[in-house]
Amino acid sequence: MSIFESRGATRRFGGLVAVDSVSFAVEQGEIFGLIGPNGAGKTTMFNLITALTPPTSGQLLFQGQNIVGKQPHQIAAMGIARTFQNIRLFGNLSALENVKVAQHTHTHANVFAGILGTPGAREEARRVEAKARELLRLVGLGESADEKAKNFSYGDQRRLEIARALALEPKLLLLDEPGAGMNPNEKGILSDLIRQIRDQFNLTIILIEHHVPLVMGLCDRIAVLNFGQLIALGKPAEVQSDPAVIDAYLGD
Amino acid sequence: AQEATETPTIEPPTPFDCKEGVELKGEPIKIGIAVAQTSNVALLGQEQVIGAQIAGEFFNNCGGINGRPIQLVFQDTAGDEAGAINAFQTVIADGVVGIVGPTLSQQAFASDPIANDAGVPVMAPSNTARGIPQIGRYISRISAPVAIVAPNAVAAALDLNPDIKNVAVFYAQNDAFASSETVTFQETVNKLGLNLATVQTFQTTDTDFSAQISNALALDPQLVIISGLAADGGNLVKQLREFGYEGLIVGGNGLNTANIFPVCQALCDGIIIAQAYSYANESPINQTFREIYKEAQGKEPPQFSAQAFAAVQVFVEALIALDNEVGLDTLELAELRTRLNDTLLNMTYDTPLGPVGFVSEGEADGEIIQGQFYVAQIQMNEDGQTGSFVFIR
Amino acid sequence: MSQTTPALELKNLSVAYGAIRALNDLNLTVDKGEIVTLIGANGAGKSTTLRAISRIVNPSQGQILIDGQDVTRQPPDAIVRMGIAHVPEGRRVLARQTVEDNLFLGAYVRNDNKAAIQGDIHKQYERFPRLRERRTQLAGTLSGGEQQMLAIARALMSRPRILLLDEPSLGLAPLIVREIFSIIRELNREGVTILLVEQNAQLALQTASRGYVLEAGDCTISGPASELARDERVRKAYLG
Amino acid sequence: MTTNLFFQQVANGLAIGSVYAIFALGYTLIFSILGIINFAHGAVFTLGAYFTFTLTGTAFGFNGLLAQQKLPFSLWFPLALLGGALLAGLISVIIERLAFRPLRRRGADSLLTLVSSLGLAVAIVNIIQFLVGAEAYSYPSSALNDILTPFLFLFPDGKVPLALRVPLTEPPIIVRMVQVVIFATSIFILIALTYLINGTKVGKAMRAVAEDATTSSLLGISTDRLIQFTFFLSGFVGGIAGVLVGMSVGITGPYFGIAFGLKGLAVIVLGGLGSIPGAVLGGLVIGLGEALVPAEYIGYKDAVAFAVLFIVLLIRPQGLLGRVFIQKV
Amino acid sequence: MDFFSTYGFLIVSMLFQAMLGLSLYIPLMTGQLSLASPGFYALGGYIAAILSTTVFLPEGGGKWESGTFPIIYVLIETVLAGLASALLALLIGFPSLRLRGIYLALATIAFVEIVRVLSLNLEITGKAIGIFGVPQPFINKFDYVVLALPLLIASAWFVYRLERSRVGRAFTALREDELAAAAMGVNPTTNKVLAFVLGAVLAGMVGAISAHFLNTWNARQGTFDVSILVLAYVIIGGSRTFLGPILGGLLLTALPEVLRAIAGIQGLPLFLSQFLLDGRLIIYGLLIVVAPLFYPQGLITPDLFKRRAVKTKEAGA
Ligand SMILES: Nc1ncnc2c1ncn2[C@@H]1O[C@H](COP(=O)(O)OP(=O)(O)OP(=O)(O)O)[C@@H](O)[C@H]1O
Ligand SMILES: Nc1ncnc2c1ncn2[C@@H]1O[C@H](COP(=O)(O)OP(=O)(O)OP(=O)(O)O)[C@@H](O)[C@H]1O
Ligand SMILES: [Mg+2]
Ligand SMILES: [Mg+2]
């Protein structure tokens with residue numbers, strides 16, 4: 001069974017079909033690329049998966065279960081985490097707190113336990129803290145854990161978004177242009193990081209990215225969207241040589 | 001139909017004896033004036049301040065308390081309950097022998113228990129809600145609950161137009177003063193066998209009354225009775241007239257102020273007002289008061305000023321009596337306050353309001369017994385801006 | 001270097017955000033008709049430099065000269081009226097206005113007639129046909145790349161003499177990136193002076209005549225673009 | 001309710017509503033550009049009324065510092081109205097300088113601006129009381145006639161009646177003349193402001209500033225000047241509103257305008273924040289709602305207005321004419 | 001002691017107002033500008049006033065002597081007021097929490113207004129006059145401190161801990177970015193309703209004690225004006241740490257009385273002391289305008305502590 005499957009997912013905005021009966025499946029442990037020209041519907045696809053926008057029609061299956069109709073926080077609790085193309089950090093919270101928040105579904109202390117500081121709650125708080133620091137170190141932000149998120153430079157905010165998403169302990173991680181705003185060298189480091197977290201946390205990753213070398217080097221398979229439609233799907237080499245893809249996206 | 005006008009009787013008071021030219025000396029005796037000087041209640045409080053100020057100067061000119069000056073300690077209660085309590089506590093700590101205030105009944109329910117527990121006599125200048133004197137032994141009021149005034153005004157209206165059948169009653173539902181008064185008005189209407197066609201409510205902060213007016217005029221009333229305050233009452237009258245109502249209007253005690261003139265202007269003309277005070281009262285003390293007031297303010301004194309004056313007067317006269325009896329110097333402050341309270345309850349006074357006394361025993365001790373009530377009719381001058389209350393009853 | 005006054009000159013410019021020093025003592029010149037690029041790692045202070053020129057952050061020290069005139073104390077709108085347009089980092093389109101209104105507002109400082117402005121809008125639509133399709137859509141609902149196109153088109157609407165571009169290729173598909181860079185060259189040919197911040201250092205150095213490298217707020221290397229592209233340190237750090 | 005009463009109440013509702021609307025227009029204008037509530041608007045409205053009173057050359061009462069003072073000249077009422085409105089606009093600009101701009105510069109929370117405008121409102125109201133006392137004031141009784149000078153030919157014997165009788169039903173529906181003026185003025189202001197905001201470059205710039213002042217300045221918009229202009233306009237409109245309402249109900253003391261604050265807020269929220277037509281529609285809806293409360297439940301009138309507001313918000317969280325904007329992620 | 005008899009009432013009022021500030025602050029932690037606190041405060045007050053004047057009567061009827069009303073009854077009323085507020089908050093919380101910003105603020109003000117109009121119309125709430133003669137557990141107003149101070153400390157401690165707990169973090173995340181918070185697994189609805197209810201419970205409890213404290217309760221308590229005033233506590237004090245609303249409540253309540261006291265100082269020029277009295281609210285208003293200029297994030301900000309912490313660390317090193 002595929003970990004994730006889209007069956008004819010469609011999303012309309014008025015007359016515009018942003019995602020047009022798109023079907024594909026992602027296997028456990030894959031790094032799956034989603035590429036296509038600007039406005040092709042990639043981000044919208046992520047929004048459908050994370051329930052930020054409901055699909056007009058079609059089915060989305062996560063671990064065999066249809067997740068259409070669930071609330072965003074329920075999706076998160078099921079193990080799907082994401083980063084945002086237009087960065088959405090909790091700007092006034094420190095990096096550390098940003099990461100702590102995302103551990104919400106894996107912690108259980110209720111209001112009163114938290115307030116009374118029961119041993120369980122205290123133990124939990126320690127765990128949360130330790131894990132948050134570890135994740136920040138992992139993405140290279142260990143030094144600035146107490147800095148407010150909004151004061152980070154653009155590239156660092158992207159790394160923080162990844163750390164935050166990882167804190168959710170997802171099974172499926174959706175990365176929306178994680179390398180935007182990084183230079184080629186940094187993108188290389190990022191690419192290693194993505195591979196590392198896939199192995200370390202046993203993740204499946206869907207990646208949107210416009211930087212072709214990164215996508216081609218990193219992804220196991222790639223799906224290409226154009227005007228909301230899936231125009232190609234396959235191994236990087238296959239996709240890269242597909243004339244439709246070259247025409248619509250890569251250019252020559 | 002006239003039975004409602006009966007009043008409990010009191011001994012006729014001796015007129016206040018002014019000893020001009022006495023040189024004042026000694027530690028002044030402090031009387032607290034805790035009324036609203038700020039907030040939207042200040043419109044009323046401002047008049048009380050003026051009345052009290054006139055009283056302070058007047059009685060000191062008349063020899064104070066057998067040669068000792070009185071000193072009025074003003075504290076702003078602002079418009080809320082906490083403000084009233086704060087003001088009361090400040091003046092009590094300042095060593096006043098008694099307090100005049102606060103402006104609103106609702107505030108009184110908050111602050112009066114403080115004074116009562118501290119054993120400080122309070123003379124309420126404008127608290128007409130039921131239950132005020134019952135707060136405690138030390139709480140009295142100089143403001144008559146309109147139970148007695150109201151029927152007079154309705155009777156006066158019937159005199160002017162014997163054909164009145166339908167009566168529409170309006171009152172400000174967020175004002176303790178108005179909502180106490182309206183009960184009396186409504187009872188009177190029923191007692192007189194008139195038809196209480198509708199009761200419409202509004203808020204003192206309202207400025208538009210067209211909905212209520214249309215509701216009422218649809219029932220064809222020949223008399224409209226309004227319990228409210230100056231601005232809202234004035235506007236209600238104005239709009240009633242603009243909507244073509246031509247019948248009689250009886251205004252409650254809250255409309256008994258020249259402050260309504262700028263609001264309803266020429267349309268104020270003819271309102272019959274139930275008064276606890278009339279500047280037409282011919283007693284010498286009132287005429288003196290009226291003169292001083294007119295000198296300073298250029299208009300006839302309103303009821304709130306007169307009541308504040310009278311409240312101070314009660315304290316002064318009672319203090320003089322107490323001094324004559326035991327000598328104020330011999331009394332500790334606490335004892336002085338207690339004795340003052342006992343003394344003032346058992347005296348009668350010739351005030352600008354007319355002869356005044358108090359119930360001195362039982363639950364309702366401190367309730368005013370007022371000898372005279374008035375009914376006046378507003379007469380506006382040509383300019384439509386100024387006018388006068390013409391005494392009719 | 002030419003003897004005429006530079007179009008843009010920064011003298012000892014420093015910027016701090018509270019306690020954080022984002023830029024130290026930067027000296028930079030851009031001559032008329034030049035393309036100059038600014039490269040550096042995340043957080044190096046590139047965007048800060050552009051923000052300081054546009055006067056939306058206050059320098060703690062130093063001077064900003066445009067055509068030799070000190071504008072360090074001018075308000076941002078005065079800078080725009082001097083012919084400077086800024087494509088800010090993260091696009092910052094006016095999300096609740098339509099695409100077309102965004103373009104209109106781009107021409108806010110222009111006093112010429114409606115027709116001229118309308119004509120320029122059409123020119124932008126020709127450059128970015130995607131924007132024409134979306135002309136009545138609220139800018140906030142555009143895709144990331146579409147917003148980036150709008151931000152660039154909007155800046156061009158003021159017909160700037162000097163263009164500040166902060167990562168114009170951000171989030172754009174490869175085809176469009178190429179398109180953007182050819183537009184940059186074209187504008188430059190038409191005489192527009194350009195200061196370009198770009199993560200794709202390779203492309204930037206190909207396009208620019210000179211470059212500056214920022215590291216943690218300090219300018220460490222500067223020189224002709226071709227030299228920088230060959231510089232070992234630059235290659236290692238930024239060209240991957 | 002008889003049909004006659006019903007129609008009368010509809011007329012009343014529109015009349016009350018137009019008072020709310022005219023108050024709310026200036027209020028919502030500031031929201032539409034700054035995205036914040038200016039609590040001092042009520043005070044500006046009040047000041048407009050007092051300024052005009054002063055300019056008519058009438059003396060103040062006996063309370064307050066300016067007791068019995070008056071100007072050495074007196075203006076014809078329509079001029080006094082204009083002067084009062086201009087002064088109110090000026091005060092509004094000063095308010096912006098004192099309570100809004102410094103905070104904007106410091107990047108303060110927009111709620112803080114709300115509170116500091118509230119502080120100014122408290123100060124202004126008390127300054128008024130300090131200067132001219134808490135009593136009511138009124139305009140010369142000729143005021144209505146004067147401002148309708150160009151329309152006098154419409155009325156028999158050239159004199160404006162206090163009320164219009166509209167013989168739609170029997171007995172006729174009665175509408176107070178002042179209310180007709182207020183209604184007409186609000187519609188006029190509505191049209192003018194709508195044109196300004198939707199039809200002009202300045203309007204587009206205002207909307208841009210409302211959304212993102214920094215980006216707007218990158219486009220060459222002088223945000224400070226634009227905001228100042230908006231405040232002036234809001235104060236001017238508010239001043240006119242204050243005078244007209246003052247003509248209708250008298251200037252009932254320093255709290256005159258503040259009393260409209262809460263209803264005004266309800267009105268602009270009901271209509272949709274920042275929407276100019278929304279302010280008028282919201283005013284009329286609340287006015288109608290209040291007027292149509294059955295006579296025996298009149299005590300609940302105020303609750304009805306707010307219940308309407310509550311229910312509408314549950315159905316349309318953005319208000320009647322407010323635009324929803326869902327930020328794309 | 002003289003000081004306490006003069007200022008005892010003020011001191012306890014300050015504590016109550018600080019708690020009202022907290023009650024508004026709790027929903028604000030989740031980013032909801034709810035001004036409903038005064039409505040629950042009014043409700044709590046009525047519950048206490050009605051119970052103590054009609055149910056908790058002394059044996060053999062009659063009135064309680066001043067100072068003899070058993071404190072246990074006050075506590076029972078307080079708990080009941082908290083419960084009733086919680087129920088009502090649940091009822092109105094769910095539908096209204098779809099609203100945001102000023103829209104939510106207005107919906108909650110609508111609730112406050114409806115409570116006020118109801119209490120002006122109902123027999124049981126005493127209409128305009130309200131309920132008076134609320135019996136006193138203490139003779140001195142200052143003695144209320146034994147109820148107010150523990151409640152303030154408990155609620156402050158509660159919020160302090162809350163801010164640092166898992167749930168508090170979820171609240172703050174919602175305030176910063178609701179959508180991102182949801183994507184990180186935080187349930188917006190339950191957390192927002194929870195915050196709304198917690199704030200309501202606190203306001204209701206404060207109302208219950210206040211009814212005794214003020215001797216009377218009427219429709220003038222807990223109105224729109226109070227909503228705005230309490231908002232001012234939070235904003236002036238600082239809206240990002242629980243200490244902000246507490247400080248704001250204490251200061252803004254004390255301010256007019258402090259000005260009054262200053263005016264009373266001997267030896268001031270007459271015009272000045274007169275202005276301090278008559279113009280007290282002018283000064284009050286202007287101070288509210290000026291304070292934010294110096295403290296644009298409120299008087300207390302979380303950074304204040306951080307910076308100090310960093311400094312001490314440096315000093316130690
Ligand atoms: N809320 C919306 N209303 C209207 N149109 C929308 C909305 N959201 C997205 N769209 C449109 O749907 C299309 C797909 O957008 P989407 O953000 O998914 O593109 P994308 O593939 O992520 O592009 P990019 O690479 O530029 O980020 C775009 O043309 C966009 O304008
Ligand atoms: N508003 C701010 N408040 C505090 N610090 C800031 C702010 N903006 C930027 N900084 C800090 O200033 C430094 C320079 O930031 P800047 O955005 O100029 O970097 P950059 O070179 O553009 O990086 P990137 O490539 O990531 O966009 C960084 O350390 C950043 O954290
Ligand atoms: Mg996208
Ligand atoms: Mg940058």
Side-chain angles (χ1 to χ4, degrees), chain C residues 17-18 50-51 53-58 74-98 100-111 114 117 137-144 146-147 150-151 154-160 164 166, chain D residues 28 31-36 97 101-102 104-108 110 194-230 272-276 278 318-319 321-329:
Chain C
Y17 299 100
L50 299 196
R51 284 186 213 132
I53 298 171
S54 292
R55 302 287 305 100
I56 51 179
V57 300
N58 282 324
Q74 297 286 323
D77 55 287
I79 305 294
V80 183
R81 264 183 263 111
M82 293 183 77
I84 296 202
H86 182 169
V87 178
E89 179 172 56
R91 302 144 196 157
R92 302 199 70 161
V93 295
L94 293 164
R96 291 155 183 263
Q97 320 298 325
T98 62
E100 190 143 315
D101 277 349
N102 266 277
L103 293 176
F104 255 122
L105 284 163
Y108 183 80
V109 290
R110 282 169 56 183
N111 288 322
K114 262 212 164 118
I117 292 173
Q137 192 171 322
L138 296 188
T141 62
L142 293 175
S143 86
E146 290 163 349
Q147 291 185 10
L150 179 58
R154 184 181 66 185
L156 297 182
M157 283 302 297
S158 68
R159 295 207 179 156
L164 313 177
D166 199 342
Chain D
T28 205
F31 191 94
S32 71
I33 180 163
L34 285 184
I36 46 181
R97 269 292 170 83
R101 185 178 300 187
R104 203 164 58 239
R105 289 269 160 81
R106 288 168 176 74
S110 73
T194 308
Y195 171 73
L196 177 81
I197 290 200
N198 295 329
T200 67
K201 183 165 140 182
V202 174
K204 278 200 175 75
M206 280 177 164
R207 296 205 315 257
V209 171
E211 199 186 313
D212 183 342
T214 311
T215 304
S216 304
S217 68
L218 279 184
L219 302 179
I221 299 170
S222 169
T223 49
D224 280 349
R225 232 181 304 147
L226 204 70
I227 289 172
Q228 211 162 53
F229 173 69
T230 312
L273 281 166
S275 159
I276 304 281
Q318 72 276 31
L321 298 184
R323 275 201 300 177
V324 244
F325 173 75
I326 299 162
Q327 177 83 48
K328 181 178 175 292
V329 286

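Order of the sequence lines fixes the chain letters, A, B, ..., with proteins taken first and strands second; residue numbering starts at 1 for each chain.
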- How would you list, by chain and number, every residue that makes a salt bridge (charged side-chain N to carboxylate O under 4.0 Å, His left out) with Arg91(C), sequence neighbours excluded? none

- salt bridge (charged side-chain N to carboxylate O under 4.0 Å, His left out) with Glu211(D): which residues, sequence neighbours excluded? none

- Query: Between Ala155(C), Ala95(C), Pro76(C), Gly140(C), which residue shows the highest count of heavy-atom pairs closer than 4.5 Å to chain D?
  - Reply: Ala95(C)

- Item | Passing option when Asp212(D) is tested against Arg92(C), Gln97(C), Arg96(C) for side-chain hydrogen bond (donor to acceptor under 3.5 Å, both in side chains) | Arg92(C)

- Correct closest heavy-atom pair for Ser222(D) and Asp77(C) would be CB-OD2, 3.4 Å

- Message: Can you give me the closest heavy-atom contact between Ser217(D) and Val80(C), atom names plus distance?
- Response: O-CG2, 3.5 Å

Interface moiety of [X] toward chain D, non-hydrogen atoms closer than 4.5 Å:
X	result
Thr141(C)	both
Leu94(C)	both
Leu142(C)	backbone
Leu105(C)	both
Arg51(C)	neither
Arg55(C)	neither

- Task: Please determine if Lys201(D) forms a cation-pi arrangement with Tyr108(C), meaning its NZ or CZ atom is less than 6.0 Å from the six-membered ring centre and no more than 45° off the ring axis.
- Result: yes

- Would you give the length of the straight line joining atom CZ of Arg81(C) to atom CD1 of Ile221(D), rounded to the nearest 0.5 angstrom? 10.5 Å

- Message: Please determine whether the number of non-hydrogen atoms from other residues, nucleotides or ligands lying under 6.0 Å from atom OH of Tyr17(C) exceeds 12.
- Response: yes

